[in-house]
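Scroll down for the structure; my scribbles are underneath it.
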2 protein chains.
Amino acid sequence: MTKPLPTAPADLDHFDLAILDILQKDNATPQRVIGEAVHLSAPAVQRRIKRMEESGVIEANVAVLDPARLGQPITILVEVEVESERIDLIDAAKRSFAAAPEVQQCYYVTGEADFMLVIIVASMAAYEGLTRRLFFANHNVKRFRTVVVMDRVKTSLAIPLT
Amino acid sequence: MTKPLPTAPADLDHFDLAILDILQKDNATPQRVIGEAVHLSAPAVQRRIKRMEESGVIEANVAVLDPARLGQPITILVEVEVESERIDLIDAAKRSFAAAPEVQQCYYVTGEADFMLVIIVASMAAYEGLTRRLFFANHNVKRFRTVVVMDRVKTSLAIPLT
DNA sequence: GCGTGCCGCGCAAGTTTGTTGCATAAAGGG
DNA sequence: CCCTTTATGCAACAAACTTGCGCGGCACGC
């Protein structure tokens with residue numbers, strides 16, 4: 001009984017939480033520095049990080065880039081409503097949205113709309129092309145509402161670790 | 001004239017783009033491995049990464065965590081409409097939303113609503129408390145619509161680097 | 001057309017960081 | 001009460017990052 005299911009909440013103590021809070025702000029922080037911050041030796045920190053990576057608590061280690069500097073200055077939010085809620089059609093839509101690199105995020109939601117997308121594009125022309133491929137080509141898309149982002153006030157994947 | 005404004009698009013060649021594409025998937029990739037992938041030596045890769053970090057093309061290096069494993073299994077999207085569009089009140093709202101750790105993302109948008117928020121909470125009770133602090137306590141918030149996420153189909157900050 | 005200066009490269013050495021073996025101490029179960 | 005398990009720190013080791021240096025390509029100007 002010592003092995004909980006992979007989806008079950010892992011048993012993390014306050015050391016782990018402190019380490020995670022540092023890593024989700026800056027994962028280039030040396031283990032020695034983390035160790036000093038949480039009052040643990042560097043090897044102890046290293047072993048905890050490795051365990052959390054293997055258990056999936058840490059999903060990935062990534063660099064966050066500035067879209068404007070990379071010629072993709074436009075962020076767009078899209079609410080998508082589907083025709084049929086048949087599960088296979090919903091799953092197909094999920095796969096379709098997830099596979100598009102311009103779709104940064106995709107949420108399947110309750111309420112009037114069925115999906116909420118966050119999209120990054122270089123131009124409105126590029127977005128128009130994307131709507132053809134993603135929405136007009138999918139006969140199960142009944143309606144979609146486009147909202148243009150004026151200011152990316154806050155964009156992170158950080159989780160509140162109280 | 002060699003120093004463009006910080007917001008101006010940096011001059012990135014295909015080496016830089018290839019490096020960034022690797023880093024935004026896994027920034028723990030050794031520079032030696034990156035070098036082999038892009039046909040460059042490790043020091044060359046290192047100097048390019050450093051330059052892109054200093055210029056701000058790389059905004060941050062972070063670990064992505066699994067919210068469910070951390071006792072925060074609920075993702076909520078909120079559309080917020082404000083009473084007055086006075087710029088000082090809008091800015092105050094931006095600061096207020098950005099300061100809340102439960103608010104993972106905040107976009108200032110066109111259209112009916114004024115803000116779109118992505119929120120991570122442990123429970124609906126916690127969300128109820130957050131609405132009090134964030135929306136009901138702010139007299140400029142006219143209306144907010146809560147949408148509950150059933151499936152986080154795709155959640156990343158990756159930018160399409162074609 | 002030919003020098004000259006500027007960049008960015010690769011190589012190699014030096015430095016920091018990450019990793020592993022080992023002995024010890026605290027915690028839980030038989 | 002002892003034994004197993006688990007996590008720790010220290011020290012040695014391995015790997016990665018970082019820097020100095022000389023070389024070659026490219027653009028500019030003569």
Side-chain angles (χ1 to χ4, degrees), chain A residues 1-66 69-71 161, chain B residues 1-66 69-71 161:
Chain A
M1 209 73 74
T2 52
K3 274 263 186 298
L5 290 175
T7 50
D11 47 330
L12 304 168
D13 60 19
H14 70 100
F15 284 122
D16 291 316
L17 293 178
I19 293 170
L20 289 175
D21 207 25
I22 293 172
L23 290 182
Q24 76 171 344
K25 290 185 180 68
D26 180 9
N27 72 355
T29 311
Q31 294 168 355
R32 175 180 48 80
V33 175
I34 299 173
E36 290 166 5
V38 304
H39 304 295
L40 228 49
S41 70
V45 170
Q46 135 79 8
R47 284 184 277 249
R48 283 168 177 268
I49 292 174
K50 187 183 179 191
R51 182 161 46 83
M52 293 191 284
E53 282 176 344
E54 287 171 349
S55 77
V57 174
I58 298 175
E59 291 182 344
N61 290 288
V62 304
V64 181
L65 311 182
D66 182 346
R69 297 290 194 85
L70 291 160
L161 297 179
Chain B
M1 209 76 70
T2 52
K3 274 264 185 292
L5 291 176
T7 50
D11 47 330
L12 303 168
D13 59 19
H14 70 101
F15 285 121
D16 290 316
L17 294 179
I19 293 170
L20 289 175
D21 207 24
I22 293 172
L23 291 181
Q24 77 171 345
K25 289 184 181 67
D26 180 8
N27 72 355
T29 311
Q31 294 167 355
R32 175 181 49 80
V33 175
I34 299 174
E36 290 166 5
V38 304
H39 303 295
L40 228 50
S41 70
V45 171
Q46 134 79 9
R47 283 185 276 251
R48 282 167 178 267
I49 292 174
K50 186 182 179 190
R51 182 162 47 82
M52 292 189 286
E53 282 177 344
E54 287 171 349
S55 77
V57 175
I58 297 175
E59 291 182 343
N61 289 288
V62 305
V64 180
L65 312 183
D66 181 347
R69 297 292 195 84
L70 291 160
L161 298 179

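As the structure is a prediction and not an experimental result, all values here were calculated from the model. First the proteins, then the strands, lettered A, B, ... as listed; each starts at 1.
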### Query
Can you check the A:Asp13 CG to D:dT6 P distance for me, whole Å?
15 Å

### Task
State, yes or no, whether a side-chain contact exists between A:Val62 and B:Asp26 at a heavy-atom distance under 4.5 Å.
no

### Closest to the A:Pro30 side chain, choosing from D:dT8, C:dG18, C:dC9
C:dG18

### Query
Does any donor-acceptor pair link the side chain of B:Arg48 with the base of C:dG8 at a separation under 3.5 Å?
no

### Query
Can a salt bridge be assigned to the pair B:Asp13 and B:Arg48 using a cut-off of 4.0 Å between side-chain N and carboxylate O?
yes

### Message
Side-chain N or O of B:Gln31 versus OP1/OP2 of D:dA15: is the shortest distance under 4.0 Å?
### Response
no

### Query
Just checking, any donor-acceptor pair under 3.5 angstrom between side chains of A:Asn27 and B:Asn61?
no

### Task
Could you please name the option among C:dC9, C:dG18, D:dT18 that lies closest to any side-chain atom of B:Gln46?
D:dT18

### Summary
note: A:Leu40, atom CG; C:dT19, atom P; distance rounded to Å ~ 16 Å

### Summary
Rounded to whole Å, the CD1-C1' distance (A:Ile34 to C:dT19) equals 15 Å

### Summary
Whole-Å distance, A:Arg51 CZ to D:dT5 C1', equals 14 Å

### Task
For B:Glu36 and D:dA15, give me the distance from atom CD to atom P, rounded to whole Å.
14 Å

### Query
Mind checking whether A:Val64 and B:Gln24 have side chains closer than 4.5 Å, heavy atoms only?
no

### Task
Report the distance from atom CZ of B:Arg32 to atom C1' of D:dT18, rounded to the nearest whole Å.
16 Å

### Query
CD1 of B:Ile49 versus P of D:dT18: gap in Å, rounded?
9 Å

### Query
In terms of the nearest nucleotide of DNA chain C, which residue is placed more toward the 5' end: B:Pro43 or B:Phe15?
B:Phe15

### A:Asp11 backbone acceptor or donor facing B:Arg69 side chain under 3.5 Å
no

### Task
Starting from C1' on D:dA7, measure out to CG on A:Leu12 and report it in whole angstrom.
15 Å

### Message
At less than 3.5 Å, do the side-chain atoms of A:Arg47 and the base atoms of D:dG9 form a donor-acceptor pair?
### Response
yes

